[in-house]
Amino acid sequence: MEVFKLAYKNSPILFLFIGLIVVPVIFILGNGYSYLLNTKPTISGNISVAGIQAPVQIETDAQGVKHIIAQYDNDAFFAMGVIHAQDRLWQLELQRRMATGTLSEIFGKDAVNLDIYMRTMGISKNTNEAWDSLGRPAQNSLEAYSAGINSWLDSAQSLPVEFSIMGIQPQRWHPSHSLAWYKMFGLGLAGNFQKDIQRLVISKLLSAEKAQLLMTNEEVQETKSTVNASKLATDSLTALNTLNSQLQNEWGIGGKNVGSNAWVLSGKHTKNDLATLASDPHLAIQLPSYWYTVSLKGEKLDVTGASLVGLPIIMQGKNANIGWSSTNMMADTMDLYYEEINLANNNQYRRGDSWIDFETSIETINVKADFPSILREPLKPLKIKVRSTEYGPIISDVVDVFKQPVSLRWAGNEEKDTSYEAFFALNYAHDWVSFNKAMNLLITPVVNMFYVDAQQNIGQLGAGRVPIRGKGQGSIPVPGWDLEYAWQGYIPIDQMPQSFNPPQGYLISANNKVVSNGGDHFISRDWAGPHRANRIENLIKAKLDKSEKISLADQQSMQMDMFDEEVLVILPTLINLKTSDEHVNQMLNILRDWDGSTGPESIGTTVFLP
């Protein structure tokens, strides 16, 4: 006791520090650790939930992959909802809020622009028509999945820590939320109208000679013929493009090189004599990933692969009979249209010689006050007016600085969107015919679907809707009142790119250019460069030219290949530069010794990249 008194007298600050800081910190850390333990996903034991017809077994393998084994298919979809909720509930919450335009309720003013964009696009509204277009089995799968998520919410003892930090509770999941998120997935792989804006800005700011360096001859000609119809200010276009950049950089929606690579090999080229499919479906980098690897087994269902969090089905994978994967075709499925307003009635726009009323609605966006919100006055809800034409939403209203309205037409906003049905049916497909039948239902995104089956067949199919334009190629905004620019329908399914058991014994895609069977239809001007696809083909040919069979290990090495063939196009020009700057010469010398490999230890890559 004397020792305690002596220490207290000599070191009062020490005991104040211990009492006021150390002890509370230990208490917080201890309780925080206990809280986090309670939120850990269950990987063993029993979970009692209501809503399934029979017991479901969920096994977790050494890699953490869940294997759902059920007696009935809908019970498997229900279990998918349970494990998605258990493992990715905060991700589900963010995805739901993003698609429905309600992020401002938790993130405040920083998310207002995104919410306005989503409300204007009508992503969530359009799900009602999509739901009615689905067959009953597909609807059942979405209802079972939603019930699984909600059942987990009802039985959860604690929620992920993000909900406590943000001070919110998760809302009930509804099948419309899955359909809305699927549309967000399609939107992220579309994104052509951003490039249309960039092309128009180039045509307005640069001379024809300089514009020619950045655009093709066709694009330059199209801008010349339509740019004078615009009353838009360049700063207005820049404002919308800035928002697009925010969506890409901060929220992972769209962006450059959002695609994939894939190839299929015939059994005549493989060491095990079996046809193989290799795929790398890459989206925007984020943690956790949009993908969730899982296997589902039910009464008829027996499928393994990558599910998309928010959906109950496998998007890329295999069943007992076929395997499939996809790459983004980079098809142009979006067009911008200038709209002429009736001076006598600004609630009308012109189509040909007629005036048509805008479809309008008032959207209310609730915005959380700035931090600390508990000490601030609540913000008044933000009310916005959303206008739409027969082509689509007035996208220019998002930034509200346009002198002339601009509408956006996107194939993904078609009323009868059966895209979810396509992938649902794909989970049950058993041969090339049923694979084609399933993919014929796809609207968005437009993709190259790769195929392999148990009979050693390989194939590639262009799937999704690509518009046929009456005039032009949609490179830049065009006059909406001029009916010559209206869409004339979509490329017929049988004229989309397709190949089955080609003579060369392999098929490759890395978002590079493809052509339709008819050869007359315009698909895109925004293909990825050919260099990635060329590299894959060169690696395959290097083995075949030596009469060597290709093993699975060889294909794994191909997936991990770090050589960039595009570098070789630019590098000869760079290394021949002459300069008196000593530091620049040092960097040029590094490039002269660099072979284009972009591994983590590559100094040449660091010098080469801007």
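All residue numbers refer to positions in the sequence shown, counting from 1.
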Next on the checklist: Quick check against the 3.5 Å criterion: does Trp324 have a side-chain atom that pairs as donor or acceptor with the backbone of Met315?
Outcome noted: yes
Item to check | Pair Glu414-Tyr490, side-chain donor/acceptor within less than 3.5 Å | outcome: yes
Item to check | Asp561 bridged to Arg532 by N-O distance under 4.0 Å | outcome: no
Item to check | Ile550 vs Leu544 side-chain heavy atoms within contact, under 4.5 Å | outcome: yes
Next on the checklist: Do Ser279 and Leu277 have side chains that approach each other closer than 4.5 Å (heavy atoms only, starting at C-beta)?
Outcome noted: yes
Item to check | Asp335/Trp410 under side chain to side chain donor-acceptor pair (under 3.5 Å): CA gap, chis, key distance, verdict | outcome: CA-CA 7 Å; Asp335 282 348; Trp410 172 41; over 6 Å; no
Checklist entry - Above 12 or not: heavy atoms from other molecules or residues under 6.0 Å from NZ of Lys513? => result no
Item to check | Trp291 vs Gln316, side chain to side chain donor-acceptor pair (under 3.5 Å): CA-CA, chis, key distance, verdict | outcome: CA-CA 10 Å; Trp291 302 114; Gln316 314 227 22; over 6 Å; no
Checklist entry - Can you list the steps and then say if Thr276 with Val452 is a side chain to side chain contact (heavy atoms under 4.5 Å, CB included)? => result CA-CA 7 Å; Thr276 61; Val452 65; over 6 Å; no
Checklist outcome for this item: Minimal heavy-atom distance between Leu301 and Ala76, with the atoms involved, is CD2-CB, 4.3 Å
Item to check | Within-4.5 Å side-chain heavy-atom neighbours: Ile83 and Val294 | outcome: yes
Item to check | Donor-acceptor pair, side chain of Asn501 and main chain of Ile458, under 3.5 angstrom | outcome: yes
Checklist entry - Going through the distances and angles, do Leu296 and His67 end up as a side chain to side chain contact (heavy atoms under 4.5 Å, CB included)? => result CA-CA 6 Å; Leu296 297 165; His67 299 267; over 6 Å; no
Item to check | Asn427 (side chain) donor-acceptor with Phe423 (main chain) under 3.5 angstrom | outcome: yes
Checklist entry - Does Gln139 reach the main-chain N or O of Trp131 with its side chain, forming a donor-acceptor pair under 3.5 Å? => result yes
Item to check | Working for side chain to side chain donor-acceptor pair (under 3.5 Å), residues Gln91 and Tyr292 | outcome: CA-CA 12 Å; Gln91 183 179 4; Tyr292 185 105; over 6 Å; no
Checklist entry - Looking only at heavy atoms, what is the nearest atom pair of Asp196 and Ser475, with distance? => result OD1-O, 3.0 Å
Item to check | Heavy-atom closest contact (Ser388 atom, Tyr349 atom, distance) | outcome: O-CE2, 4.4 Å
Item to check | Derivation and outcome, salt bridge (Lys or Arg N to Asp or Glu O under 4.0 Å), residues Glu421 and Lys416 | outcome: CA-CA 11 Å; Glu421 181 93 42; Lys416 296 182 178 180; over 6 Å; no
Checklist entry - Is Asp302 paired with Lys318 through a side-chain N to carboxylate O contact shorter than 4.0 Å? => result no
Item to check | Residue pairs fulfilling side-chain hydrogen bond (donor to acceptor under 3.5 Å, both in side chains) with at least one residue in residues 440-452, sequence neighbours excluded | outcome: Thr327-Asn448, Asn448-Gln460, Asn448-Ser509, Tyr451-Asp453
Checklist entry - Quick check: are there more than 12 heavy atoms from other residues, nucleotides or ligands sitting under 6.0 Å from CD of Gln488? => result yes
Checklist entry - Counting only heavy atoms not in Glu359, do more than 12 fall under 6.0 Å of its CD? => result no
Checklist entry - Do Trp181 and Tyr420 have ring centres separated by under 6.0 Å? => result no
Next on the checklist: Is there a side chain to side chain donor-acceptor pair (under 3.5 Å) between Asn538 and Glu565? Walk through the geometry before answering.
Outcome noted: CA-CA 10 Å; Asn538 289 338; Glu565 286 200 354; 2.8 Å; yes
Checklist entry - Where the side chain of Arg119 meets the backbone of Leu114, is there a donor-acceptor pair that is under 3.5 Å apart? => result no
Checklist entry - Within the distance-only criterion (no hydrogens, no angle test), does the side chain of Tyr145 pair as donor or acceptor with the backbone N or O of Gly310 below 3.5 angstrom? => result yes
Checklist entry - Mind checking what makes ring-ring contact (aromatic ring centres under 6.0 Å, His included) contact with Tyr337, not counting sequence neighbours? => result Tyr391
Checklist outcome for this item: Of all heavy-atom pairs linking Met329 and Gly462, the shortest is CE-CA, 3.4 Å
Checklist entry - When the aromatic ring centroids of Trp432 and Phe500 are compared, is their separation below 6.0 Å? => result yes
Next on the checklist: I need the minimum non-hydrogen distance between Asn261 and Ala510, along with the two atoms involved.
Outcome noted: CB-CB, 3.9 Å
Next on the checklist: Would you compute the distance between atom CG of Asn413 and atom CD of Glu415 and round it to the nearest 0.5 angstrom?
Outcome noted: 10.0 Å
Next on the checklist: Are more than 12 heavy atoms, taken from residues, nucleotides or ligands other than Lys268, located less than 6.0 Å from that residue's NZ atom?
Outcome noted: yes
Next on the checklist: Check Glu339 with Arg351, please: is the shortest side-chain N to carboxylate O separation under 4.0 Å?
Outcome noted: yes
Checklist entry - Under 4.0 Å between a Lys/Arg side-chain N and an Asp/Glu carboxylate O for Lys300 and Asp73? => result no
Item to check | Side-chain donor/acceptor of Arg465 to backbone N/O of Leu442, under 3.5 Å | outcome: yes
Next on the checklist: Testing the basics here: between Ser326 and Val447, what is the closest heavy-atom pair and its distance to 0.1 Å?
Outcome noted: CB-CB, 4.1 Å
Checklist entry - Does Ile123 offer a backbone N or O that forms a donor-acceptor pair with the side chain of Thr127 under 3.5 Å? => result no
Checklist entry - Taking 4.0 angstrom as the limit, do Arg535 and Glu566 come out as a salt bridge? => result no
Checklist entry - Between His430 and Phe435, is the gap from one ring center to the other below 6.0 Å? => result no
Next on the checklist: Does Leu142 form a side chain to side chain contact (heavy atoms under 4.5 Å, CB included) with Leu179? I'd like the steps, not just the answer.
Outcome noted: CA-CA 9 Å; Leu142 291 170; Leu179 292 176; 3.9 Å; yes
Checklist entry - Has the side chain of Ser266 got a donor or acceptor atom that lies under 3.5 Å from a matching backbone atom of Tyr506? => result no
Checklist entry - Would you say the side-chain atoms of Thr100 pair up with the backbone N or O of Ser124, donor to acceptor, closer than 3.5 Å? => result no
Next on the checklist: Go through it in stages, so that I can follow the logic: the residues are Ser307 and His84, the test is side chain to side chain contact (heavy atoms under 4.5 Å, CB included), and I'd like the CA-CA distance, side-chain angles, deciding distance and then a yes or no.
Outcome noted: CA-CA 10 Å; Ser307 68; His84 276 180; 3.2 Å; yes
